[in-house]
Amino acid sequence: MKKTFRNITGTFDILPEKYRADGTEIASSAAWQAVEAVIREVMARFHAQEIRTPILEPTELIARGVGLLTDIVSKEMFAFERGDTHYVLRPELTAPVMRAYLQHHLDQRGGVQKLYYIGPCFRAERPQKGRYRQFHQFGGEVIGSEDPRADAEVIAMMTAVYRAFGLTEMTLRLNTLGDEGSRPRYREALQAYFRPYAADLSETSRRRLETNPLRILDTKDERERRLLAEAPRLIEYVDEESRAHYETLKGLLGDLGIPFLEDPFLVRGLDYYTRTAFELESPHLGAQSALGGGGRYDLLARELGSKKPVPAVGFAAGIERLFMALAAQGVTMPEAAPPPDVFLVALGDEAARWAFAEAQRLRDEGLRTALDLRGRSMKAQMREANRQGAPFTLIVGKDELERRQAVVKEMASGEQSEVPFEDLIRILRDKIAAGAS
RNA sequence: GUGACCGUAGCUCAGUCGGUUAGAGCGCCAGGUUGUGGCCCUGGAGGUCGGGGGUUCAAUUCCCCUCGGUCACCCCA
(Lines give C-alpha, C1' and ligand atoms only; values in the text may rest on other atoms or scores of the structure.)
Protein backbone atom coordinates (compact mmCIF):
# COMPACT_ATOMS: atom_id res chain seq x y z
CA MET A 1 0.00 0.00 0.00
CA LYS A 2 1.42 3.33 -1.08
CA LYS A 3 1.74 5.87 1.67
CA THR A 4 -0.57 8.80 1.30
CA PHE A 5 -0.59 11.93 3.34
CA ARG A 6 -3.35 13.88 4.93
CA ASN A 7 -3.57 17.02 6.94
CA ILE A 8 -2.72 16.88 10.65
CA THR A 9 -5.66 16.06 12.92
CA GLY A 10 -7.53 19.17 13.93
CA THR A 11 -6.35 21.22 10.95
CA PHE A 12 -8.08 21.73 7.63
CA ASP A 13 -7.37 22.88 4.09
CA ILE A 14 -9.24 25.81 2.62
CA LEU A 15 -9.94 25.03 -1.03
CA PRO A 16 -11.26 27.09 -3.98
CA GLU A 17 -14.63 25.47 -3.35
CA LYS A 18 -16.37 24.67 -0.13
CA TYR A 19 -16.44 21.04 0.87
CA ARG A 20 -17.71 18.81 3.59
CA ALA A 21 -15.20 17.14 5.87
CA ASP A 22 -17.46 14.50 7.42
CA GLY A 23 -20.16 16.68 8.81
CA THR A 24 -18.54 20.07 9.09
CA GLU A 25 -18.51 22.31 6.10
CA ILE A 26 -15.27 24.09 5.28
CA ALA A 27 -15.92 27.37 3.47
CA SER A 28 -14.22 28.26 0.20
CA SER A 29 -11.16 30.46 0.08
CA ALA A 30 -13.33 33.12 -1.59
CA ALA A 31 -15.69 33.03 1.39
CA TRP A 32 -12.76 33.34 3.79
CA GLN A 33 -11.47 36.34 1.86
CA ALA A 34 -14.89 37.95 1.95
CA VAL A 35 -15.25 37.40 5.69
CA GLU A 36 -11.79 38.77 6.34
CA ALA A 37 -12.57 41.78 4.17
CA VAL A 38 -15.62 42.60 6.30
CA ILE A 39 -13.59 42.25 9.49
CA ARG A 40 -10.90 44.58 8.14
CA GLU A 41 -13.49 47.08 6.98
CA VAL A 42 -15.18 47.19 10.39
CA MET A 43 -11.84 47.54 12.16
CA ALA A 44 -11.00 50.42 9.85
CA ARG A 45 -14.21 52.17 10.91
CA PHE A 46 -12.82 52.21 14.43
CA HIS A 47 -9.47 53.30 13.07
CA ALA A 48 -7.88 50.19 14.49
CA GLN A 49 -4.67 49.35 12.64
CA GLU A 50 -3.47 45.88 11.80
CA ILE A 51 -0.61 44.23 13.62
CA ARG A 52 0.98 40.99 12.46
CA THR A 53 3.15 39.02 14.82
CA PRO A 54 5.03 35.76 14.31
CA ILE A 55 3.25 32.45 14.67
CA LEU A 56 6.24 31.27 16.68
CA GLU A 57 6.78 32.89 20.06
CA PRO A 58 9.03 32.12 23.01
CA THR A 59 7.30 29.63 25.28
CA GLU A 60 8.13 31.80 28.26
CA LEU A 61 6.05 34.68 26.85
CA ILE A 62 2.90 32.57 26.68
CA ALA A 63 3.54 30.86 30.01
CA ARG A 64 3.96 34.18 31.81
CA GLY A 65 1.36 36.06 29.84
CA VAL A 66 -1.48 33.58 29.74
CA GLY A 67 -0.65 31.97 33.09
CA LEU A 68 1.06 28.77 34.09
CA LEU A 69 -2.02 27.23 35.65
CA THR A 70 -4.33 27.84 32.73
CA ASP A 71 -5.40 24.90 30.59
CA ILE A 72 -3.90 26.60 27.58
CA VAL A 73 -0.41 26.58 29.04
CA SER A 74 -0.56 23.45 31.15
CA LYS A 75 -1.87 21.06 28.50
CA GLU A 76 -2.68 22.68 25.16
CA MET A 77 0.56 24.11 23.83
CA PHE A 78 2.37 22.94 20.74
CA ALA A 79 5.84 23.56 22.07
CA PHE A 80 9.29 22.39 21.06
CA GLU A 81 12.89 23.37 21.45
CA ARG A 82 15.98 23.72 19.33
CA GLY A 83 19.23 24.29 21.09
CA ASP A 84 18.36 26.23 24.19
CA THR A 85 15.46 28.16 22.66
CA HIS A 86 11.93 27.10 23.57
CA TYR A 87 9.31 27.79 20.95
CA VAL A 88 5.54 27.62 21.01
CA LEU A 89 2.96 27.94 18.26
CA ARG A 90 0.96 30.87 19.56
CA PRO A 91 -2.27 29.77 21.26
CA GLU A 92 -3.67 33.31 21.30
CA LEU A 93 -2.61 36.80 20.32
CA THR A 94 -3.02 39.12 23.26
CA ALA A 95 0.29 38.23 24.86
CA PRO A 96 2.18 38.46 21.53
CA VAL A 97 0.59 41.83 20.76
CA MET A 98 1.54 43.17 24.17
CA ARG A 99 5.04 41.78 23.66
CA ALA A 100 5.30 43.69 20.38
CA TYR A 101 3.85 46.83 21.97
CA LEU A 102 6.49 46.79 24.69
CA GLN A 103 9.35 45.69 22.44
CA HIS A 104 8.74 48.44 19.88
CA HIS A 105 7.73 51.08 22.42
CA LEU A 106 4.48 51.64 20.58
CA ASP A 107 3.39 54.03 23.32
CA GLN A 108 5.90 56.44 21.76
CA ARG A 109 3.64 56.75 18.73
CA GLY A 110 1.53 58.81 21.10
CA GLY A 111 -2.01 58.40 22.25
CA VAL A 112 -3.94 55.19 22.69
CA GLN A 113 -2.91 52.29 20.43
CA LYS A 114 -5.82 50.57 18.73
CA LEU A 115 -4.65 47.38 17.07
CA TYR A 116 -6.38 44.48 15.38
CA TYR A 117 -5.22 41.13 14.07
CA ILE A 118 -6.41 38.19 11.99
CA GLY A 119 -4.53 34.92 11.92
CA PRO A 120 -4.09 31.30 12.92
CA CYS A 121 -3.64 30.08 16.48
CA PHE A 122 -2.83 26.61 17.78
CA ARG A 123 -4.04 24.59 20.72
CA ALA A 124 -3.48 20.88 21.22
CA GLU A 125 -7.03 19.96 22.17
CA ARG A 126 -9.12 17.07 20.96
CA PRO A 127 -10.97 18.50 17.96
CA GLN A 128 -14.74 18.72 17.84
CA LYS A 129 -17.45 20.93 16.39
CA GLY A 130 -16.15 24.50 16.35
CA ARG A 131 -12.84 23.52 17.89
CA TYR A 132 -9.69 22.89 15.90
CA ARG A 133 -6.02 22.54 16.67
CA GLN A 134 -5.23 25.20 14.12
CA PHE A 135 -7.98 27.76 14.25
CA HIS A 136 -8.30 31.37 13.23
CA GLN A 137 -8.86 34.36 15.41
CA PHE A 138 -9.52 37.98 14.84
CA GLY A 139 -9.35 40.42 17.65
CA GLY A 140 -8.77 43.97 18.73
CA GLU A 141 -6.75 45.55 21.51
CA VAL A 142 -6.95 49.06 22.93
CA ILE A 143 -3.72 49.71 24.78
CA GLY A 144 -2.93 52.70 26.94
CA SER A 145 -6.23 53.70 28.48
CA GLU A 146 -7.82 52.76 31.76
CA ASP A 147 -10.96 54.67 30.91
CA PRO A 148 -14.14 52.55 30.78
CA ARG A 149 -14.71 54.04 27.35
CA ALA A 150 -11.84 51.89 26.14
CA ASP A 151 -13.68 48.81 27.44
CA ALA A 152 -16.88 49.94 25.75
CA GLU A 153 -15.02 50.65 22.52
CA VAL A 154 -13.57 47.15 22.46
CA ILE A 155 -16.98 45.60 22.99
CA ALA A 156 -18.38 47.90 20.32
CA MET A 157 -15.66 46.75 17.90
CA MET A 158 -16.44 43.12 18.49
CA THR A 159 -20.21 43.43 18.21
CA ALA A 160 -19.93 45.71 15.17
CA VAL A 161 -18.32 42.87 13.22
CA TYR A 162 -21.27 40.57 13.83
CA ARG A 163 -23.73 43.36 13.06
CA ALA A 164 -21.92 44.01 9.80
CA PHE A 165 -22.69 40.42 8.82
CA GLY A 166 -26.32 40.85 9.83
CA LEU A 167 -25.97 38.42 12.73
CA THR A 168 -28.40 39.06 15.55
CA GLU A 169 -28.91 35.86 17.51
CA MET A 170 -26.32 36.16 20.22
CA THR A 171 -25.86 37.17 23.83
CA LEU A 172 -23.20 39.37 25.34
CA ARG A 173 -22.40 38.34 28.89
CA LEU A 174 -20.62 40.78 31.14
CA ASN A 175 -18.92 40.70 34.51
CA THR A 176 -16.24 42.43 36.52
CA LEU A 177 -13.39 40.55 38.14
CA GLY A 178 -12.17 43.43 40.27
CA ASP A 179 -8.61 44.59 40.66
CA GLU A 180 -5.45 42.91 41.80
CA GLY A 181 -6.53 42.98 45.43
CA SER A 182 -10.10 41.81 45.05
CA ARG A 183 -9.27 38.57 43.34
CA PRO A 184 -7.10 37.15 46.15
CA ARG A 185 -9.73 38.18 48.70
CA TYR A 186 -12.48 36.50 46.75
CA ARG A 187 -10.30 33.54 46.06
CA GLU A 188 -9.85 32.95 49.77
CA ALA A 189 -13.54 33.38 50.47
CA LEU A 190 -14.37 30.88 47.77
CA GLN A 191 -11.86 28.38 49.10
CA ALA A 192 -13.22 28.80 52.62
CA TYR A 193 -16.75 28.21 51.34
CA PHE A 194 -15.96 25.15 49.26
CA ARG A 195 -13.48 23.35 51.48
CA PRO A 196 -16.16 21.73 53.68
CA TYR A 197 -17.75 20.40 50.48
CA ALA A 198 -14.49 19.20 48.96
CA ALA A 199 -15.66 15.59 49.03
CA ASP A 200 -18.68 16.50 46.88
CA LEU A 201 -16.64 18.22 44.23
CA SER A 202 -15.45 16.69 41.00
CA GLU A 203 -11.83 15.75 40.74
CA THR A 204 -10.95 18.76 38.60
CA SER A 205 -12.84 21.17 40.82
CA ARG A 206 -11.09 19.75 43.86
CA ARG A 207 -7.76 20.36 42.24
CA ARG A 208 -8.82 23.85 41.18
CA LEU A 209 -9.99 24.66 44.66
CA GLU A 210 -6.32 24.90 45.58
CA THR A 211 -4.81 26.10 42.31
CA ASN A 212 -7.39 28.27 40.56
CA PRO A 213 -10.66 28.39 42.50
CA LEU A 214 -12.27 31.04 40.27
CA ARG A 215 -12.57 28.46 37.53
CA ILE A 216 -15.08 26.53 39.62
CA LEU A 217 -17.54 29.33 38.85
CA ASP A 218 -18.19 28.17 35.32
CA THR A 219 -18.59 24.50 36.12
CA LYS A 220 -21.32 22.61 34.31
CA ASP A 221 -21.70 20.03 37.09
CA GLU A 222 -25.25 20.20 38.51
CA ARG A 223 -24.30 19.60 42.14
CA GLU A 224 -21.56 22.16 41.98
CA ARG A 225 -23.93 24.65 40.45
CA ARG A 226 -26.30 24.18 43.38
CA LEU A 227 -23.45 24.77 45.78
CA LEU A 228 -22.56 27.89 43.85
CA ALA A 229 -25.97 29.39 44.47
CA GLU A 230 -25.01 29.89 48.12
CA ALA A 231 -21.37 30.71 47.44
CA PRO A 232 -19.92 34.15 48.08
CA ARG A 233 -20.42 36.48 45.16
CA LEU A 234 -17.49 37.90 43.30
CA ILE A 235 -19.07 41.34 43.10
CA GLU A 236 -19.09 41.65 46.90
CA TYR A 237 -15.32 41.39 46.94
CA VAL A 238 -14.73 43.81 44.12
CA ASP A 239 -13.07 47.06 45.09
CA GLU A 240 -14.88 50.37 44.88
CA GLU A 241 -12.96 51.68 41.90
CA SER A 242 -13.59 48.56 39.87
CA ARG A 243 -17.26 48.70 40.74
CA ALA A 244 -17.44 52.31 39.59
CA HIS A 245 -15.59 51.31 36.40
CA TYR A 246 -18.10 48.53 35.83
CA GLU A 247 -21.10 50.80 36.43
CA THR A 248 -19.75 53.37 34.00
CA LEU A 249 -19.11 50.69 31.40
CA LYS A 250 -22.69 49.41 31.69
CA GLY A 251 -23.93 52.96 31.18
CA LEU A 252 -21.75 53.40 28.11
CA LEU A 253 -22.98 50.15 26.58
CA GLY A 254 -26.50 51.40 27.18
CA ASP A 255 -25.66 54.62 25.37
CA LEU A 256 -24.34 52.58 22.44
CA GLY A 257 -27.47 50.45 22.38
CA ILE A 258 -25.48 47.26 22.93
CA PRO A 259 -27.57 44.79 24.91
CA PHE A 260 -25.83 42.68 27.54
CA LEU A 261 -26.55 40.23 30.28
CA GLU A 262 -24.78 40.50 33.61
CA ASP A 263 -23.31 37.18 34.62
CA PRO A 264 -21.69 37.13 38.06
CA PHE A 265 -20.24 33.68 37.33
CA LEU A 266 -18.42 34.68 34.17
CA VAL A 267 -14.70 34.22 34.61
CA ARG A 268 -12.29 33.70 31.79
CA GLY A 269 -9.69 31.05 31.30
CA LEU A 270 -6.72 33.35 31.00
CA ASP A 271 -4.98 34.76 34.03
CA TYR A 272 -4.32 38.24 32.77
CA TYR A 273 -7.83 39.63 33.06
CA THR A 274 -8.80 42.22 35.64
CA ARG A 275 -12.00 44.20 35.98
CA THR A 276 -14.00 43.80 32.80
CA ALA A 277 -14.67 40.33 31.39
CA PHE A 278 -17.12 39.57 28.61
CA GLU A 279 -18.12 36.79 26.28
CA LEU A 280 -20.29 36.70 23.19
CA GLU A 281 -22.38 33.54 22.92
CA SER A 282 -24.39 32.07 20.10
CA PRO A 283 -27.03 29.37 20.41
CA HIS A 284 -25.92 27.90 17.08
CA LEU A 285 -22.47 26.59 17.84
CA GLY A 286 -23.07 23.31 19.61
CA ALA A 287 -21.01 22.66 22.70
CA GLN A 288 -18.55 25.43 21.90
CA SER A 289 -20.95 28.29 22.42
CA ALA A 290 -18.51 31.22 22.54
CA LEU A 291 -18.14 33.31 19.42
CA GLY A 292 -15.58 35.44 21.17
CA GLY A 293 -14.66 37.10 24.40
CA GLY A 294 -12.25 39.36 26.09
CA GLY A 295 -11.67 41.77 28.89
CA ARG A 296 -9.31 44.16 30.56
CA TYR A 297 -5.77 43.04 31.24
CA ASP A 298 -4.02 45.82 33.12
CA LEU A 299 -1.57 43.40 34.74
CA LEU A 300 -0.22 41.76 31.61
CA ALA A 301 2.39 44.37 30.70
CA ARG A 302 3.97 44.21 34.11
CA GLU A 303 3.96 40.43 33.97
CA LEU A 304 5.87 40.74 30.71
CA GLY A 305 8.51 42.93 32.28
CA SER A 306 7.25 46.46 31.75
CA LYS A 307 8.33 48.90 34.47
CA LYS A 308 5.38 51.17 33.78
CA PRO A 309 1.86 49.84 34.13
CA VAL A 310 0.10 49.64 30.77
CA PRO A 311 -3.68 49.57 31.01
CA ALA A 312 -5.26 47.62 28.16
CA VAL A 313 -8.44 45.90 27.08
CA GLY A 314 -9.20 43.64 24.14
CA PHE A 315 -11.29 40.93 22.52
CA ALA A 316 -10.62 37.79 20.53
CA ALA A 317 -13.07 35.87 18.37
CA GLY A 318 -13.07 32.69 16.33
CA ILE A 319 -13.51 32.83 12.57
CA GLU A 320 -14.62 29.19 12.30
CA ARG A 321 -17.36 29.95 14.79
CA LEU A 322 -18.29 33.08 12.92
CA PHE A 323 -18.77 30.87 9.85
CA MET A 324 -21.01 28.53 11.85
CA ALA A 325 -23.15 31.43 13.00
CA LEU A 326 -23.38 32.73 9.43
CA ALA A 327 -24.53 29.33 8.20
CA ALA A 328 -27.05 28.98 11.02
CA GLN A 329 -28.61 32.34 10.24
CA GLY A 330 -28.57 31.80 6.50
CA VAL A 331 -26.10 34.57 5.72
CA THR A 332 -24.40 33.77 2.43
CA MET A 333 -20.88 34.64 1.41
CA PRO A 334 -19.42 34.52 -2.11
CA GLU A 335 -18.80 30.86 -2.92
CA ALA A 336 -16.16 31.22 -5.59
CA ALA A 337 -13.62 33.55 -7.07
CA PRO A 338 -14.94 35.69 -9.95
CA PRO A 339 -14.79 34.04 -13.39
CA PRO A 340 -12.32 35.12 -16.07
CA ASP A 341 -13.40 38.05 -18.26
CA VAL A 342 -12.38 36.22 -21.37
CA PHE A 343 -11.31 32.72 -22.38
CA LEU A 344 -9.00 32.28 -25.36
CA VAL A 345 -9.83 29.39 -27.68
CA ALA A 346 -7.17 28.45 -30.22
CA LEU A 347 -7.16 25.97 -33.11
CA GLY A 348 -3.85 24.61 -34.22
CA ASP A 349 -0.29 25.18 -33.07
CA GLU A 350 0.16 28.59 -34.72
CA ALA A 351 -3.00 29.98 -33.18
CA ALA A 352 -2.21 28.44 -29.81
CA ARG A 353 1.13 30.16 -29.87
CA TRP A 354 -0.46 33.49 -30.71
CA ALA A 355 -3.14 33.01 -28.03
CA PHE A 356 -0.58 32.27 -25.36
CA ALA A 357 1.18 35.57 -26.04
CA GLU A 358 -2.10 37.44 -26.43
CA ALA A 359 -3.22 36.24 -23.02
CA GLN A 360 -0.19 37.93 -21.54
CA ARG A 361 -1.07 41.23 -23.29
CA LEU A 362 -4.67 41.05 -22.08
CA ARG A 363 -3.56 40.32 -18.54
CA ASP A 364 -1.15 43.24 -18.62
CA GLU A 365 -4.14 45.37 -19.55
CA GLY A 366 -5.92 44.12 -16.45
CA LEU A 367 -8.29 41.62 -18.03
CA ARG A 368 -8.81 38.33 -16.24
CA THR A 369 -7.80 35.92 -18.98
CA ALA A 370 -7.83 32.14 -19.11
CA LEU A 371 -6.90 29.62 -21.78
CA ASP A 372 -6.24 25.95 -22.42
CA LEU A 373 -2.92 24.57 -21.19
CA ARG A 374 -3.30 21.01 -22.42
CA GLY A 375 -3.63 21.27 -26.20
CA ARG A 376 -7.18 20.04 -26.16
CA SER A 377 -9.84 20.05 -28.84
CA MET A 378 -11.84 23.14 -29.60
CA LYS A 379 -14.91 21.49 -28.13
CA ALA A 380 -13.03 20.83 -24.93
CA GLN A 381 -11.77 24.41 -24.85
CA MET A 382 -15.30 25.74 -25.26
CA ARG A 383 -16.51 23.42 -22.52
CA GLU A 384 -13.79 24.70 -20.26
CA ALA A 385 -14.70 28.32 -21.03
CA ASN A 386 -18.29 27.55 -20.17
CA ARG A 387 -17.38 25.76 -16.97
CA GLN A 388 -15.26 28.66 -15.80
CA GLY A 389 -18.14 31.02 -16.49
CA ALA A 390 -16.24 33.30 -18.86
CA PRO A 391 -18.74 35.76 -20.37
CA PHE A 392 -16.68 36.03 -23.57
CA THR A 393 -14.51 33.72 -25.61
CA LEU A 394 -11.99 34.82 -28.15
CA ILE A 395 -11.63 32.27 -30.94
CA VAL A 396 -8.63 32.16 -33.24
CA GLY A 397 -7.67 29.69 -35.96
CA LYS A 398 -5.57 29.76 -39.09
CA ASP A 399 -7.97 32.05 -41.00
CA GLU A 400 -8.14 34.58 -38.22
CA LEU A 401 -4.38 34.61 -37.86
CA GLU A 402 -3.96 35.37 -41.54
CA ARG A 403 -6.58 38.09 -41.49
CA ARG A 404 -5.31 39.39 -38.17
CA GLN A 405 -8.68 39.38 -36.54
CA ALA A 406 -10.33 37.25 -33.87
CA VAL A 407 -13.84 35.99 -33.33
CA VAL A 408 -15.31 37.40 -30.13
CA LYS A 409 -18.20 35.32 -28.87
CA GLU A 410 -20.62 36.37 -26.19
CA MET A 411 -21.41 33.14 -24.39
CA ALA A 412 -24.81 34.02 -23.00
CA SER A 413 -26.33 34.99 -26.37
CA GLY A 414 -24.04 33.01 -28.65
CA GLU A 415 -23.49 36.10 -30.78
CA GLN A 416 -20.13 36.39 -32.52
CA SER A 417 -18.32 39.21 -34.25
CA GLU A 418 -14.93 39.61 -35.85
CA VAL A 419 -12.54 42.07 -34.25
CA PRO A 420 -9.16 43.19 -35.65
CA PHE A 421 -6.29 42.25 -33.34
CA GLU A 422 -5.38 45.87 -32.67
CA ASP A 423 -8.92 46.65 -31.45
CA LEU A 424 -9.27 43.62 -29.17
CA ILE A 425 -8.44 45.25 -25.88
CA ARG A 426 -10.69 48.25 -26.50
CA ILE A 427 -13.63 46.15 -27.73
CA LEU A 428 -13.30 43.58 -24.95
CA ARG A 429 -13.14 46.32 -22.35
CA ASP A 430 -16.31 47.88 -23.73
CA LYS A 431 -18.15 44.58 -23.83
CA ILE A 432 -17.06 43.60 -20.34
CA ALA A 433 -18.07 47.01 -18.98
CA ALA A 434 -21.43 46.74 -20.71
CA GLY A 435 -21.93 43.27 -19.30
CA ALA A 436 -20.99 44.36 -15.83
CA SER A 437 -23.44 47.24 -15.67
C1' G B 1 -6.74 12.29 28.32
C1' U B 2 -12.05 9.64 28.60
C1' G B 3 -16.58 8.05 26.07
C1' A B 4 -20.18 7.26 22.00
C1' C B 5 -21.02 6.81 16.91
C1' C B 6 -19.14 6.36 11.87
C1' G B 7 -15.50 4.62 7.66
C1' U B 8 -18.18 1.24 -0.06
C1' A B 9 -15.73 5.46 -6.62
C1' G B 10 -13.60 12.75 -6.62
C1' C B 11 -18.77 13.90 -4.01
C1' U B 12 -23.73 12.04 -2.03
C1' C B 13 -25.17 7.26 -1.09
C1' A B 14 -27.29 2.02 -2.48
C1' G B 15 -25.85 -3.13 -1.81
C1' U B 16 -24.02 -8.01 -0.10
C1' C B 17 -29.29 -12.57 5.67
C1' G B 18 -20.78 -14.66 3.73
C1' G B 19 -20.82 -17.09 -2.48
C1' U B 20 -19.28 -15.95 -9.77
C1' U B 21 -16.64 -9.60 -13.17
C1' A B 22 -19.37 -4.28 -6.23
C1' G B 23 -23.79 -0.44 -8.29
C1' A B 24 -26.60 4.52 -8.97
C1' G B 25 -26.84 9.84 -9.32
C1' C B 26 -23.63 13.98 -9.71
C1' G B 27 -18.68 15.22 -11.25
C1' C B 28 -14.50 14.04 -14.70
C1' C B 29 -12.79 12.43 -19.90
C1' A B 30 -14.25 11.41 -24.94
C1' G B 31 -17.62 10.77 -29.17
C1' G B 32 -22.36 12.28 -31.50
C1' U B 33 -20.73 18.32 -34.83
C1' U B 34 -14.93 18.37 -40.64
C1' G B 35 -13.74 25.25 -36.34
C1' U B 36 -17.93 26.40 -31.33
C1' G B 37 -19.96 25.65 -24.80
C1' G B 38 -24.58 25.08 -21.93
C1' C B 39 -29.53 20.74 -22.98
C1' C B 40 -29.79 15.72 -24.85
C1' C B 41 -27.77 10.79 -26.36
C1' U B 42 -23.66 7.16 -26.28
C1' G B 43 -19.25 5.35 -24.38
C1' G B 44 -15.00 5.52 -20.98
C1' A B 45 -11.76 6.21 -16.81
C1' G B 46 -12.04 5.81 -11.60
C1' G B 47 -12.88 1.33 -5.94
C1' U B 48 -7.14 -4.29 -3.15
C1' C B 49 -15.60 -1.83 0.13
C1' G B 50 -9.90 2.68 5.63
C1' G B 51 -5.55 -0.86 7.12
C1' G B 52 -3.88 -5.53 9.57
C1' G B 53 -5.06 -10.14 11.64
C1' G B 54 -8.67 -14.12 12.79
C1' U B 55 -12.98 -17.55 11.76
C1' U B 56 -14.46 -20.04 7.05
C1' C B 57 -14.14 -24.04 1.27
C1' A B 58 -15.21 -18.68 0.58
C1' A B 59 -15.07 -12.16 4.06
C1' U B 60 -16.64 -5.77 1.49
C1' U B 61 -20.31 -8.65 4.68
C1' C B 62 -18.90 -12.11 11.08
C1' C B 63 -14.96 -11.32 15.25
C1' C B 64 -10.52 -8.74 17.21
C1' C B 65 -6.93 -4.97 16.79
C1' U B 66 -5.45 -0.59 14.51
C1' C B 67 -5.75 3.99 11.79
C1' G B 68 -8.86 7.93 10.36
C1' G B 69 -13.31 10.92 11.02
C1' U B 70 -17.46 13.07 13.77
C1' C B 71 -19.74 14.42 18.27
C1' A B 72 -19.63 14.86 23.59
C1' C B 73 -16.87 15.40 28.41
C1' C B 74 -13.00 18.86 29.55
C1' C B 75 -11.77 23.71 27.96
C1' C B 76 -12.33 27.73 25.17
C1' A B 77 -12.02 31.01 19.84
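A, B, ... follow the sequence lines: proteins, then strands. Residue 1 opens every chain.
If you take atom C1' in B:G18 and the same atom in B:G10, they sit 30 Å apart, rounded to whole Å. Nucleotides B:C6 and B:U12 place their C1' atoms 16 Å apart, quoted to the nearest Å. Separating the P atom of B:G46 from that of B:C5 is a span of 37 Å, rounded to the nearest Å. Here, B:A59 and B:U20 have their P atoms 11 Å apart, quoted to the whole Å. Remark: the separation of the C1' atoms in B:G52 and B:G38 is 49 Å, to the nearest Å. Separation of the P atoms belonging to B:A45 and B:U8 is 23 Å when rounded to the nearest angstrom. Nucleotides B:C65 and B:G43, compared at atom P, are 47 Å apart to the nearest Å. B:G25 sits 31 Å from B:C71 when the P atoms are compared, rounded to a whole Å.
One interatomic measurement links the two molecules: CZ of A:Arg131 to C1' of B:C75, which rounds to 6 Å at whole-angstrom precision. Atom OH of A:Tyr117 is separated from atom C1' of B:A77 by 9 Å (rounded to the nearest Å). Here B:U36 presents its C1' atom at 7 Å from CD of A:Gln416, a figure rounded to the nearest Å. Atoms CD (A:Gln388) and C1' (B:C28) sit 15 Å apart, rounded to a whole Å. Rounded to an integer number of Å, the gap from A:Glu384 CD to B:G27 C1' is 13 Å. What separates CD of A:Glu25 from P of B:U70 is a distance of 14 Å, to the nearest Å. For the pair A:Phe12 CZ and B:G69 C1', the interatomic distance rounds to 15 Å; values are reported in whole Å. A:Glu400 has its CD atom 12 Å from the P atom of B:U36, to the nearest Å.
Residue A:Ile72 is out of contact with every strand shown, counting any heavy-atom pair closer than 4.0 Å. Base contact: A:Gly414 has a heavy atom under 4.0 Å from a base atom. Looking at heavy-atom distances under 4.0 Å, A:Ala346 makes no contact with the nucleic acid at all. At the heavy-atom level, A:Phe138 lies nowhere under 4.0 Å from the strands shown. Counting any heavy atom pair closer than 4.0 Å across all strands shown, A:Thr393 reaches no nucleic acid atom. If you check every strand for non-hydrogen atoms under 4.0 Å, A:Lys129 touches sugar and phosphate atoms only. At the heavy-atom level, A:Lys409 lies under 4.0 Å from base atoms of the strands shown. Looking at heavy-atom distances under 4.0 Å, A:Gly139 makes no contact with the nucleic acid at all. Residue contacts for A:Arg126: at a heavy-atom cut-off of 4.0 Å it reaches a base atom on one of the strands shown.
Salt-bridge check for A:Arg353 with A:Glu350: failed, with every basic side-chain N at 4.0 Å or more from each acidic carboxylate O. The pair A:Glu335-A:Lys18 meets the salt-bridge criterion, since a charged nitrogen lies less than 4.0 angstrom from a carboxylate oxygen. Between A:Glu365 and A:Arg361 there is no salt bridge, since no side-chain nitrogen of the basic residue lies less than 4.0 Å from a carboxylate oxygen of the acidic one. A salt bridge does not link A:Glu57 to A:Arg90: none of the charged nitrogens lies less than 4.0 Å from a carboxylate oxygen. Between A:Glu125 and A:Arg133 there is no salt bridge, since no side-chain N of the basic residue sits under 4.0 Å from a carboxylate O of the acidic one.
Taking the six-membered ring where the residue is Trp, A:Phe138 and A:Phe315 present perpendicular rings, their angle passing 60° and hence far from 30°.
Counting heavy atoms from C-beta on, the side chains of A:Leu172 and A:Phe278 come closer than 4.5 Å. Side chains of A:Val345 and A:Val407 form no contact here, defined as non-hydrogen atoms less than 4.5 Å apart. Side chains of A:Arg296 and A:Tyr273 form no contact here, defined as non-hydrogen atoms less than 4.5 Å apart. In this structure, the side chains of A:Gln388 and A:Pro339 stay at 4.5 Å or more apart for every pair of heavy atoms. With a 4.5 Å cut-off on side-chain heavy atoms, A:Ile26 and A:Leu15 do not count as touching.
Evaluation of atom-type donor-acceptor distances gives a pair under 3.5 Å for the side chain of A:Asn386 against the base of B:G37. Remark: the A:Arg123 side chain and the B:C75 base include no donor-acceptor N/O pair separated by less than 3.5 Å.
Side-chain atoms of A:Glu125 lie closest to B:C75 of the nucleotides B:C75, B:G37, B:U36. Among the nucleotides B:G35, B:A77, B:G69, the one closest to any side-chain atom of A:Thr9 is B:G69. Across B:G38, B:C75, B:C28, the shortest atom-to-atom separation from the side chain of A:Arg387 is found for B:C28. With B:C75, B:A77, B:G35 as the candidates, the nucleotide lying closest to the side chain of A:Glu76 is B:C75.
Position along RNA chain B of the nearest nucleotide to A:Arg321 versus A:Gly10 favours A:Gly10 as the more 5'-ward residue. Mapping A:Arg374 and A:Met382 onto RNA chain B via the closest heavy atom, the residue that lands nearer the 5' end is A:Arg374.
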Handout entry: Pair pattern of RNA chain B in dot-bracket, where unpaired bases get dots and | marks partners in another strand, Watson-Crick or G-U under 3.5 angstrom
Key = (((((((..((((.....[...)))).(((((.......))))).....(((((..]....))))))))))))....

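Residues passing the ring pair (Phe, Tyr, Trp, His ring centres under 6.0 Å) test with A:Tyr162: none are found, sequence neighbours excluded.
Between A:Arg383 and B:A30 there is a side-chain N or O to OP1 or OP2 distance below 4.0 Å. Between A:Arg376 and B:C29 there is a side-chain N or O to OP1 or OP2 distance below 4.0 Å. Residue A:Gln128 has no polar side-chain atom (N or O) positioned under 4.0 Å from OP1 or OP2 of B:C71. One finds no side-chain N or O of A:Thr70 lying less than 4.0 angstrom from the OP1 or OP2 phosphate oxygen of B:C75.
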Write down the protein N/O and nucleotide N/O pairs, taken from nucleotides 24-26 of chain B, whose separation is under 3.5 Å; answer none if there are no such pairs.
none

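When all heavy atoms of A:Ala336 and A:Ala30 are compared, the pair lying nearest together is C-CB, 3.5 Å.
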